[in-house]
J.: 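Starting off with a structure, shown below.
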Protein chains: 2
Amino acid sequence: MTKTKSAAALPLNTIIDGDCIEVMNGLPEASVDLIFADPPYNLQLKGDLHRPDNSRVDAVDDEWDQFASFKVYDDFTKAWLKAARRILKPDGAIWVIGSYHNIFRVGAELQNQGYWILNDVVWRKSNPMPNFRGKRFTNAHETMIWAGRDESSKYTFNYEALKALNEGIQMRSDWVLPICTGHERLKDENGDKAHPTQKPESLLHRVLVGATNPGDVILDPFFGTGTTGAVAKMLGRDFIGIEREAAYRKVAEKRIAKVRKFDREALQVSVSKRAEPRVPFGQLVERGMLRPGEALYSPRGQVAKVRADGTLIGNDVKGSIHQVGAHLEGAPSCNGWTYWTFKQDGKKVPIDVLRQQIRSEMTN
Amino acid sequence: MTKTKSAAALPLNTIIDGDCIEVMNGLPEASVDLIFADPPYNLQLKGDLHRPDNSRVDAVDDEWDQFASFKVYDDFTKAWLKAARRILKPDGAIWVIGSYHNIFRVGAELQNQGYWILNDVVWRKSNPMPNFRGKRFTNAHETMIWAGRDESSKYTFNYEALKALNEGIQMRSDWVLPICTGHERLKDENGDKAHPTQKPESLLHRVLVGATNPGDVILDPFFGTGTTGAVAKMLGRDFIGIEREAAYRKVAEKRIAKVRKFDREALQVSVSKRAEPRVPFGQLVERGMLRPGEALYSPRGQVAKVRADGTLIGNDVKGSIHQVGAHLEGAPSCNGWTYWTFKQDGKKVPIDVLRQQIRSEMTN
DNA sequence: CGGCGGTATGAATCCGTAA
DNA sequence: GTTACGGATTCATACCGCC
């Protein structure tokens with residue numbers, strides 16, 4: 001089977017009924033850009049938990065969350081992570097969220113299978129449930145692991161977009177976001193919460209903006225009430241959900257149907273210079289923006305002359321704009337575009353201005 | 001508090017030369033109240049890394065952090081965790097700190113050996129090193145795992161002390177503290193950092209106030225430059241350090257010997273006029289800006305003493321800085337921040353000056 | 001003495017493409 | 001596969017020297 005054929009055959013934007021391991025094993029290999037997984041937590045709660053006023057806490061005690069032992073949980077973890085890795089594209093990545101009950105086992109198995117951890121990201125809850133018994137710290141965070149399929153995976157990371165989300169400061173590995181409450185929290189027919197561990201859309205928004213591009217395929221093997229699908233749809237990504245509980249699928253279907261995709265312009269995010277087209281310095285000479293023999297100036301006033309082939313010649317060294325700059329600074333590397341200036345109407349102007357002119361012509 | 005025979009034989013308040021596994025195996029079983037461990041992280045760094053200004057990052061490339069494979073690291077982890085568990089008292093507990101490189105393997109092995117995880121605690125660094133290449137999130141936190149020796153261990157948890165340290169709010173599982181820099185950062189004869197990964201005393205302060213009582217025995221198998229020992233001594237706990245590097249032992253000995261000499265220069269302030277997040281008074285204590293036992297002065301010259309949990313004790317009353325101030329004034333309320341002063345170089349300085357210093361670090 | 005600007009540095013798995 | 005090289009990339013804080 002060819003990759004294109006199978007990729008076209010992906011059940012996009014649907015929720016598949018079944019066990020996630022079996023379903024993933026039935027999907028074509030190397031076909032998914034990102035996996036977001038919120039696996040069962042193996043909470044091992046001993047009996048019921050009560051608040052000081054004796055009201056019962058609605059703990060995570062569903063049948064699917066009971067595992068006899070670490071062994072059973074590890075086998076389960078191995079199996080679904082292996083199935084997930086097979087369907088990931090070579091440059092694909094995975095996010096897994098968990099708590100101290102399960103995240104260490106998940107993280108170790110990720111490493112064992114050859115996934116390459118990129119960050120652990122802490123979701124710091126601004127409004128966590130207190131520890132009612134006063135015997136431990138308020139459990140105020142959960143941990144997400146972000147990992148590439150391989151060490152060599154060229155994973156997607158929208159650095160500039162995340163930086164913009166954070167008011168111009170590089171995004172950190174700890175995210176402060178409130179838990180899912182209020183009208184965002186889905187209810188069943190009885191008015192009870194539809195799912196015990198519904199994640200906030202703000203969390204998925206940050207994950208998907210940061211780690212995917214519009215049109216990417218995102219698979220969620222533990223779809224639940226479909227937060228991943230809802231946010232993927234909003235953001236113009238395709239999703240594949242897998243969920244074996246009919247009640248959750250039903251809620252998710254209804255939820256996602258109501259979601260509207262953001263406008264195309266709203267989906268545009270800041271891009272880094274790295275993603276812009278490369279302009280050889282020689283083009284500036286070819287186009288006559290700089291003439292052979294013209295002088296360029298370093299920040300410290302040193303002079304180099306432009307040669308016809310787009311190299312520079314300084315006092316005792318010649319080479320590219322980067323090489324000569326690095327040599328003058330005694331530095332391992334140098335960005336010649338921002339290092340050198342030329343004289344225009346008597347004022348010194350960075351040569352990067354000329355590159356921007358060419359780039360703006362290219363995108364017209 | 002009487003000590004058992006085996007505890008009496010312990011080499012208290014000394015730094016033992018040797019491999020931590022062998023040394024621990026030579027100690028009597030069930031004799032230690034708490035273990036704090038900062039094991040090698042197995043960073044697996046490849047080439048050099050440069051900042052955008054071309055300066056080179058001083059990497060952690062020490063011999064002691066080199067492991068050939070996950071298998072080798074896991075064997076090491078198994079061995080020291082096993083030795084640690086044997087010497088823990090039945091109600092003892094362990095803290096282990098790590099990063100995503102190693103913490104998942106440590107956590108899984110803790111669970112495998114029967115330790116019972118109580119919380120994972122995230123140290124959110126207020127001033128982490130950025131991600132210089134813009135390829136990942138700022139690595140802004142480290143993870144600590146707190147676990148009892150057994151599921152049944154009646155571990156020590158000073159809930160009220162921690163709550164007091166946090167100005168009456170239950171302490172959360174995420175702690176914001178700055179990394180160890182400035183005068184607290186120990187230097188060698190050449191003026192270089194004595195240890196590449198020295199932990200801040202504020203971190204150990206919170207761990208030891210929360211998880212031990214005065215007179216408890218705290219063992220640190222990877223003692224390094226002895227932060228655990230220094231804070232233990234400050235807080236009236238006994239410590240046992242194990243360290244195989246002579247250079248680290250030497251620095252640690254010297255450091256701990258003069259622990260009571262409080263470095264007043266840490267009080268130098270730089271007032272910021274930015275946003276004003278809530279700062280618990282306890283942080284001033286944790287961070288060494290005010291010492292437990294230090295005197296605070298009311299406007300009328302009355303004296304109250306600072307306690308390790310961030311409360312004050314006056315002649316006949318104890319409580320928060322606000323409560324004690326209100327009591328002295330016979331007033332319904334009192335702003336302790338502007339009410340109390342401490343002595344710096346013989347002059348009375350409002351404690352609010354210290355709060356401003358912390359705020360300038362928090363608003364990032 | 002204070003403010004200001006320049007410099008140093010911290011547990012880091014830190015590039016992408018063309019030849 | 002490997003090599004070569006263009007060129008993109010940083011935040012909080014401490015300290016020092018200079019007005």
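We name chains A, B, ... by the order of the sequence lines, and we start the count at 1 in each one.
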J.: Charged N to carboxylate O under 4.0 angstrom, Glu294(A) versus Lys305(A)?
T.: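 Result for this pair is no, no salt bridge flagged.
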J.: Return the nearest nucleotide to the side chain of Met129(B); candidates are dT9(D), dA12(C), dT9(C).
T.: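 So the nucleotide nearest the side chain must be dA12(C).
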J.: Out of Arg185(B), Arg255(B), Arg206(B), which one pairs with Glu201(B) under the salt bridge (charged side-chain N to carboxylate O under 4.0 Å, His left out) rule?
T.: Arg255(B)
J.: Counting side-chain heavy atoms from CB outward, which of dT9(D), dA12(C), dA11(C) is closest to Asp65(B)?
T.: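 Selected nucleotide: dA11(C).
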J.: Hey, does Arg355(A) reach any base, or is it just sugar-phosphate, or nothing, if we go heavy atoms under 4.0 Å?
T.: sugar-phosphate
J.: Nearest whole Å is fine: how far is dT10(D) C1' from Lys125(B) NZ?
T.: 16 Å
J.: Within the structure shown, what part of the strands sits under 4.0 Å from Glu160(A) by heavy-atom distance: base, sugar-phosphate, or nothing?
T.: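 Sugar-phosphate contact only.
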J.: With a 4.0 Å limit, can you tell me whether Lys46(B) has a side-chain N or O closer than that to the phosphate oxygens OP1/OP2 of dC14(C)?
T.: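 No.
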J.: Considering every strand and a 4.0 Å limit on heavy-atom distances, what is the contact class for Lys199(B): base, sugar-phosphate, or nothing?
T.: base
J.: Let me spell it out: for each of Asn139(B) and Asp58(B), pick the nucleotide of DNA chain C with the closest heavy atom. Which residue's pick is nearer the 5' end?
T.: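 Nearest nucleotide further toward 5': that of Asp58(B).
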J.: According to a 3.5 Å limit on both distances, what stems of 3 or more consecutive Watson-Crick or G-U pairs are formed with DNA chain D?
T.: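 So the stems come out as C:2-10 with D:11-19, C:15-19 with D:2-6.
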J.: Reckon Arg185(B) has a side-chain N or O less than 4.0 Å from the OP1 or OP2 of dA11(C)?
T.: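 The answer is yes; a side-chain N or O of Arg185(B) sits under 4.0 Å from OP1 or OP2.
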J.: Report each atom pair, protein N/O against N/O of nucleotides 15-19 of chain C, whose distance is under 3.5 angstrom.
T.:
| residue | atom | partner | partner atom | Å |
| --- | --- | --- | --- | --- |
| dC15(C) | OP2 | Arg133(B) | NH1 | 3.1 |
| dC15(C) | O4' | Arg133(B) | NH2 | 3.4 |
| dC15(C) | O3' | Lys135(B) | NZ | 3.3 |
| dG16(C) | OP1 | Lys135(B) | NZ | 2.6 |

J.: Can you list, by residue number, the residues of residues 317-326 of chain A that have a non-hydrogen atom closer than 4.0 angstrom to DNA chain D?
T.: Ser320(A), His322(A), Gln323(A)
J.: Quick one: is the NZ or CZ of Lys78(B) closer than 6.0 Å to the six-membered ring centre of Trp80(B), and within 45° of its axis?
T.: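 Not satisfied by the 6.0 Å and 45° rule.
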J.: Working note: Val122(A) + Asp174(B), criterion side chain to side chain contact (heavy atoms under 4.5 Å, CB included); need CA distance, chi angles, decisive distance, verdict.
T.: CA-CA 9 Å; Val122(A) 170; Asp174(B) 60 310; 5.7 Å; no
J.: Counting neighbours of CG on Asn166(A) that are heavy atoms of other residues, nucleotides or ligands and sit closer than 6.0 Å, is the number greater than 12?
T.: yes
J.: If you look at every strand shown and take non-hydrogen atoms under 4.0 Å, does Gly47(B) touch a base, only sugar-phosphate, or nothing?
T.: base
J.: Side chains of Asp53(B) and Ser55(B) only: does a donor on one sit below 3.5 Å from an acceptor on the other?
T.: yes
J.: Categorize Cys334(A) for me: base, sugar-phosphate, or nothing, with a 4.0 angstrom heavy-atom threshold over every strand shown.
T.: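 If one applies the 4.0 Å heavy-atom cut-off, Cys334(A) turns out to touch a base.
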J.: Both Gly168(A) and Asp352(A) contact DNA chain D. Which one's nearest nucleotide lies toward the 5' end?
T.: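 Result: Asp352(A).
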J.: Would you indicate whether Lys347(B), at its atom NZ, is surrounded by more than 12 heavy atoms from other residues, nucleotides or ligands within a distance under 6.0 Å?
T.: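 No, the 6.0 Å shell around NZ holds no more than 12 heavy atoms from other groups.
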J.: Let's see if you can work this out: which of dA11(C), dA12(D), dC11(D) has an atom nearest to the side-chain heavy atoms of Asn127(B)?
T.: dA12(D)
J.: Ring-plane angle category for Phe76(B) and Phe67(B), please: parallel below 30°, perpendicular beyond 60°, tilted otherwise.
T.: tilted
J.: Establish, yes or no, whether the cationic atom of Arg136(B) lies under 6.0 Å from the six-membered ring centre of Phe157(A) and within 45° of the ring axis.
T.: no
J.: State which of dG7(D), dA11(C), dC15(D) makes the closest approach to the side chain of His183(B).
T.: dC15(D)
J.: NZ of Lys348(A) to OH of Tyr297(A): how many Å apart, nearest 0.5 Å?
T.: 6.5 Å
J.: Is NZ or CZ of Arg105(B) both nearer than 6.0 Å to the six-membered ring centre of Phe70(B) and within 45° of the ring axis?
T.: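 Here Arg105(B) passes the 6.0 Å and 45° test against Phe70(B).
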J.: Would one find a side-chain N or O of Asn131(B) under 4.0 angstrom from OP1 or OP2 of dC14(C)?
T.: no
J.: Which word best sums up how the rings of Tyr248(B) and His195(B) line up, parallel for under 30°, tilted for 30 to 60°, or perpendicular for over 60°?
T.: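 Tilted: the ring planes of Tyr248(B) and His195(B) meet at 30° to 60°.
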J.: Please classify the nucleic acid contact of Asp38(B) as base, sugar-phosphate, or nothing, using heavy-atom distances under 4.0 Å.
T.: base
J.: Could you work out which one of dG10(C), dA11(C), dT9(D) sits closest to the side chain of Tyr159(A)?
T.: dT9(D)
J.: With a 4.0 Å cut-off on heavy atoms, is Pro200(B) in touch with a base, just the backbone sugar-phosphate, or nothing at all?
T.: nothing
J.: Which is true for Ile117(A) with a 4.0 Å heavy-atom rule: it touches a base, it touches only sugar-phosphate, or it touches nothing?
T.: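 If one applies the 4.0 Å heavy-atom cut-off, Ile117(A) turns out to touch a base.
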J.: Of the nucleotides dG7(D), dT13(D), dG10(C), which has the atom closest to the Ser333(A) side chain?
T.: dG7(D)
J.: Using a 3.5 Å distance criterion without hydrogens, assess whether the side chain of Lys199(B) forms a donor-acceptor pair with backbone atoms of Thr197(B).
T.: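 It does hold such a pair.
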